[in-house]
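Below is one structure; the comments refer to it alone.
All chains are named by letter (A, B, ...) in the order of the sequence lines, taking the proteins before the strands, and each is independently numbered beginning at 1. These values consider heavy atoms only, across backbone and side chains, with no hydrogens, waters or symmetry-generated copies.
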Amino acid sequence: MVEIRLTNTRTRTKEVFTPIDPGNVRLYLCGPTVYDRAHLGNARPVLVFDVLVRLLHHVYGTDAVTYVRNFTDVDDKINAEAQRRRAAGAEAPLEALIADRTDETIAWYHADMDALGNLRPNHEPRATAYIAQMIEMTRELIARGHAYAAEGHVLFDVRSFPEYGKLSGRSVDDMIAGARVEVAPFKRDPMDFVLWKPSDDDLPGWESPWGRGRPGWHIECSAMSAALLGPHFDIHGGGIDLQFPHHENEIAQSCCAHPGAGFANVWLHNEMLQVEGRKMSKSLGNFFTVRDLLDRGVPGEVIRFVMLSTHYRRPMDWTEAKAHEAEAVLRRWHGLVAGIEPAPSPAPAVIAALADDLNTAGAIAALHELAARGDAAGLAASARMLGLLLPGMGDWAVAGDDTARLVEALLAARADARKARDFARADAIRDGFAAAGVEVKDTAAGPEWALAAGFDAHALARLAEAQGA
RNA sequence: GGCGGGUUGGCGGAGAGGUUACGCACCGGAUUGCAAAUCCGUGAAGACCGGUUCGAUUCCGGUACCCGCCUCCA
């Protein structure tokens, strides 16, 4: 049995992972709020968990893993978009406009994450389908003395939970000292957070013991994880920015609603994404979505490779240079594994790297070594652990028939020129191939060719025209 | 103010208290009509200051600089 070690944010140490039930390893990843396209940063935790899930599948068996990732479809940004559409003349009721928006966004999300080669989770609960469970949990928290109703709101009483702040390493008093929190007059403590809030007629709402309203941001994950994984499960994760307040609040809610259950054993947090060395933000103009990259012709597999080439607990810097380098590597690897039957099992070095706190960069280094050794079958089998070189994934790296015809014609023209010792023409074709991103290898058995990074079909067509090929 | 992350060779980026990371680039050689690709090979590091140690880039303390979170955010 492979020993997996993971860095647990809760204990701040790298620990040997021991499942609660090896027959049903359970993980929960905080999913997107579905108000817009997923940006590149949204993809990072999904990729990290995808590799983790593939590793768990390998170690415990595909059927022994339950992976849950939610869709947050109750949110003020969604409401604002729906209200904007109604103001713009949409006739449908607000709830229908919201459903349209969230359905549309979920479809985008699926398409984008699929394009990056991510497995779909076993469950993808929508918050709106678990309102009853959220209300029930809120009632339970009030009954146990951890929450109170005030002016249509229900608030969690952070002073009732001595562990509050433990995950993020802060005390309630410290937080208040540097606080920029909204201090509503009905809060007992400035750090108390909302479990339920009232909705007026312009907002979606559900009937509750506290009047018509909607849930606060954090309660959904507590309710959905409990409903689908139980009150005690193995791994919970997300971006490090969720550590506080979201995950801190989840812990408070879940532990107080289910005393003694334990909630999540291991907390995994990925560091943030940067772009060309700077924070990705709309104001800096370097903000882009996964779809933006895909539409610009960056293959999903290339995005995946770049994202996995930095360890998840380090800041990841997205650069054009990395994308270009990743493309070159993947093209080479696709060429190497084409038509090769993958080995029966992945290379031990790759498994060992991944089992050591998901060292994807180390695993990629091990893949390089397999490639250098010419072990195509091993490379093919091992790359799959990282969700790379999957069947059907490399279509982008393979030349189409039209391209193949042009290249073959040009190669024939070059061979004629060389035979005639017309080296000027032969060199022109050679340089044209290089400029178009076609890599030609002259071997003893004749020329072989492949598309290189930056392949340009138009440049190739122009070359063929110029050479009359 | 509080909490956290980072600083490794030209660039990217890992692990390990003592032995080659790995990739890209560079340089030399083989090969080629010239190249490309390929193969072989060389060189190149650990922000700064202390401490522990026979020995630290790796552990501990401090300094500097960069980044993030504390407000919606993966």
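Between the CZ atom in A:R373 and the NE2 atom in A:H368 there is a gap of 13.5 Å [rounded to 0.5 Å].
Contact between the side-chain N/O atoms of A:T310 and the OP1/OP2 oxygens of B:G13 is found at a separation under 4.0 Å. Using a 4.0 Å cut-off, some side-chain N or O of A:K322 falls inside it from OP1 or OP2 of B:G13. Listed pair A:R332 / B:C24 meets the phosphate criterion, a side-chain N or O lying under 4.0 Å from OP1 or OP2. Taking side-chain N and O atoms only, A:R314 has no distance below 4.0 Å to OP1 or OP2 of B:C67.
Ring pair A:H247/A:H269 is tilted by interplanar angle, where 30° to 60° counts as tilted.
The side chain of A:T33 approaches B:A74 more closely than any other nucleotide in the set B:A74, B:G5, B:A14. If you check B:A21, B:A74, B:A36 against the side chain of A:A365, the one that comes closest is B:A21. When the nucleotides B:G5, B:C70, B:C72 are ranked by their closest atom to the side chain of A:K77, B:C72 comes out on top. In the set B:C22, B:G5, B:C69, the nucleotide with an atom closest to the side chain of A:H368 is B:C22. The side chain of A:E369 lies closest to B:A21, out of B:A36, B:A74, B:A21. Distances were taken from every side-chain heavy atom of A:D427 (C-beta onward) to each of B:G33, B:G5, B:A36; the shortest belongs to B:G33. Closest to the side chain of A:F423, from the set B:A74, B:A14, B:G33, is B:G33. Minimum atom distance to the side chain of A:N359 is reached by B:G15, of the listed B:G15, B:A36, B:A74. Set against B:A21, B:G5, B:G13, the side chain of A:E271 has B:G5 as its closest nucleotide.
Contact annotation for A:I364: no contact, since no heavy-atom pair falls under 4.0 Å across all strands. A:G41 comes within 4.0 angstrom of a base, heavy atoms only. Using a 4.0 Å heavy-atom criterion, one finds that A:Q274 contacts the sugar-phosphate atoms exclusively. Within 4.0 Å of A:D431, counting heavy atoms only, lies no atom of the nucleic acid at all.
Rounded to whole Å, atom C1' of B:G33 lies 8 Å from atom CZ of A:R418. B:G4 atom C1' lies 14 Å from atom CG of A:N270, rounded to whole Å.
Taking atom P on both nucleotides, B:A14 is separated from B:A30 by 37 Å, rounded to a whole Å.
For A:D189 and A:R159, the salt-bridge test passes: some basic side-chain N is under 4.0 Å from an acidic carboxylate O. Residues A:D50 and A:R54 are paired through a salt bridge, judged by an N-O separation under 4.0 Å between the basic side chain and the carboxylate. Salt-bridge annotation for A:R405 and A:E408: absent, with no side-chain N of the basic residue lying under 4.0 Å from a carboxylate O of the acidic one.
Paired with A:R37 under the rule side-chain hydrogen bond (donor to acceptor under 3.5 Å, both in side chains), one option of A:T105, A:N42, A:D112, A:D292 passes, and it is A:D112. Partner of A:H218 under the ring-ring contact (aromatic ring centres under 6.0 Å, His included) criterion, chosen from A:F244, A:W196, A:F193: A:F193.
Aromatic ring centres of A:F263 and A:F233 lie closer together than 6.0 Å. Aromatic rings of A:H236 and A:F49 (six-membered ring for Trp) have centroids beyond the 6.0 Å cut-off, not under it.
For the residue pair A:R214 / A:S199, a side-chain donor-acceptor distance below 3.5 Å is found, with atom types taken as modelled.
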Give me, pair by pair, the N or O atoms of the protein and of nucleotides 41-48 of chain B that are less than 3.5 Å apart, along with how far apart they are.
none

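A:D317 contributes no side-chain N or O that forms a donor-acceptor pair with the base of B:G12 under 3.5 Å. For a distance-only test at 3.5 Å, the side chain of A:H269 fails to qualify as a donor-acceptor partner of the base of B:A74.
Nearer the 5' end of RNA chain B, as judged by each residue's closest nucleotide, is the contact made by A:Y312, out of A:Y312 and A:R44. Nucleotides of RNA chain B nearest to A:L242 and A:A426 differ in position, and the one nearer the 5' end is that of A:A426.
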For RNA chain B, the dot-bracket pattern of Watson-Crick and G-U pairs whose distances stay under 3.5 Å, | for other-strand partners: (((((((..(((.....[...)))..((((.......)))).....(((((..]....))))))))))))....

